[in-house]
Student: 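Supplied in structure tokens, the structure appears directly below.
Letters A, B, ... mirror the listed sequences (proteins, then strands); counts begin at 1. Note that the structure is predicted; figures quoted are calculated from it, not measured.
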Amino acid sequence: MPTLSRHIVEVAIPLPLQGSFHYLVPQHLWPLVVPGKRVLVPFGKRKVTGYLLGSSDNHQNELKEVIEILDEAPLFNADELEFYCWIANYYLHPLGEVIKMALPAGINLVSKTRLETDEDGVPVVTEFLAGGKHVRTEKFYRLRFDGEEKVRGKGREILDHLRSEGECSASQLRERFGSCSEVLNRLVKIAAVTVEEREVYRDPFHHESFGKDAPLPLNAEQEKAFGALHAALETGKFAPFLLHGVTGSGKTEVYLQTIAATLAEGKTALVLVPEIALTPQLVGRFKRRFDCGIAVLHSGLSDGERYDEWRRIRRGEASIVIGARSALFAPLERVGVIVVDEEHEASYKQSEGVRYNARDLALVRGKLAGAVVILGSATPLITTLYAAREGRLGYLRLANRVRELPMPETTLLDARGQKGATFLEPLVEAMRANLEGGGQTLLFLNRRGFATYLVCQDCGHVLRCPNCEVTLTYHRSRGRHVCHYCDFTLPAPTLCPKCQGPEITLLGRGTERVEEEVKELFPEASVARMDRDTTRGKGGHARVLKGVEDGSIDILIGTQMIAKGHDFPGVTLVGVVSADASLNLPDFRSAERTFQLVTQVIGRAGRGDRAGRVLVQTLAPEHYALTAAVAHDYDAFYEQEIVYRRDVGYPPFTHLVALTISSTSHTQAEKASEDAAELLRRIKRDCQLRVEVLGPVTAPLGKVRGRFRWQILLKGKERMELHRILFHFRAVYTHPSTVRLVADVDPVEML
DNA sequence: GATATAAAACCT
DNA sequence: GGTTTTATATCA
């Protein structure tokens, strides 16, 4: 036993603050100190929940005391803490916030104040503790003694019910007998029933039951991929793979069998999907295949449900976890395999709060855990494919569809010289023929709203967002102009806001306008639109998707969201209204994104028994992203994109880090970003790094939620050089506390 | 992020 | 002179 005169602990605080904090532990709490538990500590004038990192040897100054230790058992272990620290370092984010983000939301206590009035009506500020999701418990009743003849009425019915059914929960009884707590209390009092209070889980799937199915036979390609994965699994070492399989090539079956092999080894599996709300059928497939516990984590769950799923995982009651990006932090032990499905999806990137990319961190977690990591995609990132070619990832190819489905007939339509018509003749004809033939049509346009900008014919003034400098998109349904960056809105003006001229024109097309034009062209057709505006709220997707599935919708117009996740067997025609919207984005990945999008859209056509047709309208019909996509030729696209990336000096030939510096004060943000840029240049010179420091530049979005943001772009040929500059920078850069700094890092292939 | 204090801007 | 808004500093 150590004979300490005092016990000091190191605590991470979930606030945007650099460094950790130290507290004294009162003697009666000494035995309860375990790293990974939460503690309630005084912080300034408030009390906050912090995370115990460990004990610390003597620390000279006066310290405050820990108020309370909040957990009986630690919430994270040493391995998990190592992972959190890695993330905090890599993304330059405070450790406390990383831990908070990794743990289920809503469990922390925070002190708040409330204005009340005392007996004399004088207002007083009272402090109270809020938050702290708790374990849900429920009372379970069981028949104890049935000889009570005195019991009649509802009490009698309940006793009879308990005799036939055995144990029942309070909610089950309430469902059957209405409110009966008084009756139950009396039954307990006369000892006719026993009551026991137990923890229960809020299970999002408790109503559904799942049948069972058996593994499918693998074809030669799948067998080869599975063989490689199985062999890697048995070594028990970190092994990353790219599973490059065209739509319908049976990637999921490879995942399932690899996971089965993992479970057989006594290990667990983590499956990440871009947006689980869109893929309920995937969950069903897992539930039918496996008998073990399966936990599902996604944004649709309430905090309580999520906490319950988290606890199930922590207790080892689930061996498979399926979820969106945040599921990467599931407290699974003995992880044997991590699957990142559709690894190219941008939704793996979290761009608010703690910035991270779950696709990248899957590799990191896999490395720390010694697991097999499978990045699966029909259209992998250029960086992933390049890493595979360089031998840093195992490359598994599934080039053929499982059932020999023909690829849809795909045509590029040259829209040049067509005076901005929404639909070219061949597309209109194809839509008409498809409608008459009873087929469904998908129309794809990567732009929501009605018109993309408003311009004055007299003075040329264009309506822009006062915060972001981007043009405001007109949304007819709301009668307002909306900024798609920051959601700033403005009622639609009737006169030019600058010169008061009456000649204002709406230009550029969004899905809202396409929908209107389709309705005019085909008044007899049933037309629906699916984008972020029409699918707000819970179940918004499901409603539209159901309409397509049951055939009640003839023509569906939508943004990229219609290209993902769901299979539409009845769709025989797909029209891309304009491939240029995504091709011309000011982003070095625009060609890659367009190729992926068009390839995905093509995959939506003719998956049933009928052959499908795809028409792509564009002003750039010879662009390699489009010609390769319509020819289903990944290699052609890949070769040209690699050449382009090499010429312009972007990933995978360089690595990028965007440092965002923000503050509520414009002057501070500006000054801090200048200081930071200057410091970075000095480090670069002193350490002789071949890193480009670009900036400070105003971010395209000037002010976001009250904060002014500036950016510094770091570009380097060697990943390690970027790490060195960041490391030095963190060590010496002291910024005012109102300034925040985060790093946005491009896909990791350091492994 | 919340809070306290200081400085600047605004009010009549 | 008084009140509101904005900037800055601190938290163990």
Student: For A:L17, which residues count as a side chain to side chain contact (heavy atoms under 4.5 Å, CB included) partner, sequence neighbours excluded?
Tutor: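 Side chain to side chain contact (heavy atoms under 4.5 Å, CB included) list for A:L17, sorted by chain: A:L15, A:F21, A:F43.
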Student: Can you pull every protein N or O that's under 3.5 Å from an N or O on nucleotides 6-9 of chain C?
Tutor:
from	atom 1	to	atom 2	distance (Å)
C:dT8	OP2	A:S665	OG	2.8
C:dT8	OP2	A:Q668	NE2	3.1
C:dT8	O5'	A:Q668	NE2	3.3

Student: Just checking A:Y23: base, sugar-phosphate only, or nothing, at a heavy-atom cut-off of under 4.0 Å?
Tutor: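 Sugar-phosphate, backbone atoms only, no base.
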Student: For the residue pair A:F329 and A:Y356, does the interplanar ring angle fall in the parallel (under 30°), tilted (30 to 60°) or perpendicular (over 60°) class?
Tutor: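 Plane angle over 60°, so perpendicular.
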Student: By side chain to side chain contact (heavy atoms under 4.5 Å, CB included), which residues pair with A:S673, not counting sequence neighbours?
Tutor: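 A:S673 satisfies side chain to side chain contact (heavy atoms under 4.5 Å, CB included) with A:I661, A:P696, A:W710 once adjacent residues are dropped.
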Student: Expressed as a whole number of angstroms, how long is the span from A:F21:CZ to C:dA12:P?
Tutor: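 A:F21 atom CZ is separated from C:dA12 atom P by 8 Å.
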Student: Who pairs with A:P274 by side chain to side chain contact (heavy atoms under 4.5 Å, CB included), at least two apart in sequence or on another chain?
Tutor: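 Once residues adjacent in sequence are excluded, the partners of A:P274 under the side chain to side chain contact (heavy atoms under 4.5 Å, CB included) criterion are A:E342, A:E345, A:S347, A:Y348.
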Student: Only counting residues at least two apart or in another chain, list the ones meeting ring pair (Phe, Tyr, Trp, His ring centres under 6.0 Å) with A:Y453.
Tutor: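 Result, ring pair (Phe, Tyr, Trp, His ring centres under 6.0 Å) vs A:Y453: none returned.
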Student: Whole Å only: how far is the CG atom of A:L17 from the P atom of B:dG1?
Tutor: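 The answer, rounded to whole Å, is 10 Å.
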Student: Once you round it to whole Å, what is the distance between C1' of C:dA12 and CD of A:Q18?
Tutor: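 From A:Q18 CD to C:dA12 C1': 15 Å.
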Student: Detail all sub-3.5 Å separations between protein N/O atoms and N/O atoms belonging to nucleotides 4-10 of chain B.
Tutor:
none

Student: Identify, with sequence neighbours excluded, every residue that meets side chain to side chain contact (heavy atoms under 4.5 Å, CB included) alongside A:N77.
Tutor: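 For A:N77 the side chain to side chain contact (heavy atoms under 4.5 Å, CB included) partners, ignoring immediate neighbours, are A:D79, A:E80, A:R314, A:E333.
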Student: CG of A:L15 versus P of C:dC11: gap in Å, rounded?
Tutor: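 A:L15 atom CG is separated from C:dC11 atom P by 13 Å.
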Student: Kindly write out the residues that satisfy ring pair (Phe, Tyr, Trp, His ring centres under 6.0 Å) with A:H344, not counting sequence neighbours, or none if the list is empty.
Tutor: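 Partners of A:H344 under the ring pair (Phe, Tyr, Trp, His ring centres under 6.0 Å) test: none.
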Student: Please give, in whole Å, the distance from B:dA2 P to A:E97 CD?
Tutor: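 My rounded result for the distance is 11 Å.
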Student: Give the rounded distance in Å between these two atoms: CG of A:L95 and P of B:dG1.
Tutor: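 Rounding to the nearest Å, CG of A:L95 and P of B:dG1 are 17 Å apart.
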Student: Please report the closest heavy-atom contact between A:A330 and A:L270, naming both atoms and the distance.
Tutor: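 Here A:A330 and A:L270 meet closest at CB-CD1, 4.3 Å.
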Student: Within this structure, what is the CD1-to-C1' distance between A:I13 and B:dT3, rounded to whole angstrom?
Tutor: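 Interatomic distance, CD1 of A:I13 to C1' of B:dT3: 15 Å.
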Student: Which pairs, with at least one residue in residues 724-744 of chain A and sequence neighbours excluded, count as a ring pair (Phe, Tyr, Trp, His ring centres under 6.0 Å)?
Tutor: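 For residues 724-744 of chain A: A:F729-A:Y733, A:Y733-A:H735.
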